[in-house]
Amino acid sequence: MIKEIVHILSNDKFTTGYVNFMKEHMSQYKHIFIISGKSWENQFIDNENVYYVKKFFAILINPKIKRMLGQSSQIIVSGVFNSHVAVAFLGKKELKKTFLHFWGGDFYCLREPANSLKTLMKNVLKIYCCKKCAGLIFLIDGEYDIFFEITHIVNAHYIAPVPRDTRRKLRFADYREQHRDADEQMERPVNILVGNSATKTNHHQEVFEMLRRFPLSRIRVYVPLSYGEAIYREEVLREGKRLLGERFHPILDFMKYEDYVAFLAGMDIGIFNNDRQQGMANVTIMLALGKKVYARDDTSMWKRYINEGRCIYPISTIKKLDFDAFTFFDEKEKQKNEMLEDNYDLVKVTKEKWSNIFTISCES
């Protein structure tokens, strides 16, 4: 009998990759996808067993979906931002076979005190689900330790990334060569990427203050702000213009994946002042493209990259460096980062991690 697994997730930029990976590489299981919202255009391999709901609470009143949840062997909630509110009311039987797949911001938010009754209730339900569910899934090692420091919750925990759409096969080497050829033909300012989104955990202003020490005529600062918090985005736009003037270039429109990789290939340096695991796709791509990356050395993702042997630099050193030292990237370290990514078998690793979870028995 084929094991049935129900996935509950929001409709966003990661949804297509998640669904297609499961359909293509984990086809020994029957996957059912409950997706909230239709604002994002998806390009699924097929639409079999894909169901949309406007809001997660619709799960509780849709008899077909409730029946599928009841008959399933496992329930995976990927991205625990709002979906857990419905899961909390499914019942103990369903919760005992539910795994909460945390992306980062969906549990780091528990560090902050609730600023409204609505947020307080959501947090209470999230804590309840974390205690009663079958297990917790994190993207990288070290995240559960931070989760435990915040919540003091003890539960089974596992590691599994957000799957990518492996049909989109890009050779980073092609992008590297294109831009190296172009760079050799002309002198230009140093292109610097700051952060990954319009979220406070990027601490953009701290980076802008660091960069204004350098000759602004020699840099261009690009800041992705295509998604995140609207109020904070306006703050970044205001401070970026004030501190960096015409050298500040906000990225306000969402790009297709291939276009975004090409954009990153045009950068020279990436600065990620995130105080938590966040923006790892950006970091990984920049390392693969041979770019110099600065990040905070007090996060789980810093430890992950160091343990993998990647060459990255602590943000705290920027204040002490002159411009030449700030921009210099040793060729051997650059090539090491490129080689590590070129030899990394993403499909194999992702399949192994998710297989470890799908083989868990959730019988009561």
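Cys130 has its side chain out of reach of Phe107: every pair of non-hydrogen atoms, C-beta onward, lies at least 4.5 Å apart. Within the 4.5 Å cutoff, side-chain heavy atoms of Asn337 are placed close to those of Phe329. The closest side-chain heavy-atom distance from Met280 to Ile140 is below 4.5 Å.
Side chains of Tyr108 and Glu143: a donor-acceptor N/O pair is present below 3.5 angstrom, by distance only. Judged purely by distance below 3.5 Å, without hydrogens or angles, the side chains of Ser300 and Gln277 never pair a donor atom with an acceptor atom. Side-chain N/O atoms of Thr16 and Asn42 include a donor and acceptor closer than 3.5 Å.
Residues Cys362 and Ser73 come closest through the heavy atom pair CB-O, 3.9 Å.
The side-chain hydrogen bond (donor to acceptor under 3.5 Å, both in side chains) contacts involving residues 316-330 comprise nothing, where partners must be two or more places apart or lie in separate chains. Residue pairs that meet the side-chain hydrogen bond (donor to acceptor under 3.5 Å, both in side chains) test with at least one member in residues 347-356, sequence neighbours left out, do not exist here.
For Asp342 and Arg176, the salt-bridge test passes: some basic side-chain N is under 4.0 Å from an acidic carboxylate O. Lys336 has no carboxylate O lying under 4.0 Å from a charged side-chain N of Glu333, or vice versa, which leaves the two without a salt bridge.
The local environment of CG in Asp259 is crowded, with over 12 non-hydrogen atoms from other residues, nucleotides or ligands closer than 6.0 Å. More than 12 heavy atoms of other shown residues, nucleotides or ligands fall within 6.0 angstrom of atom NZ in Lys23.
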task = Would you check, one step at a time, whether the test ring pair (Phe, Tyr, Trp, His ring centres under 6.0 Å) holds for Phe263 with Tyr260?
result = CA-CA 5 Å; Phe263 163 71; Tyr260 191 64; 5.7 Å; yes
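Below 30°, between 30° and 60°, or above 60°: for His25 and Phe21 the angle between ring planes is between 30° and 60°, a tilted geometry. Between Tyr52 and Phe44, the ring-plane angle classifies as parallel under the 30° and 60° cut-offs. Using the six-membered ring where Trp is involved, Phe148 and Tyr144 have ring planes that are tilted, between 30° and 60° apart. Aromatic ring pairs are classed by plane angle as parallel below 30°, tilted from 30° to 60° and perpendicular above 60°; the pair Phe147 and Phe102 is tilted. The aromatic rings of Tyr18 and His7 lie perpendicular to each other, with more than 60° between the two planes, well past the 30° mark.
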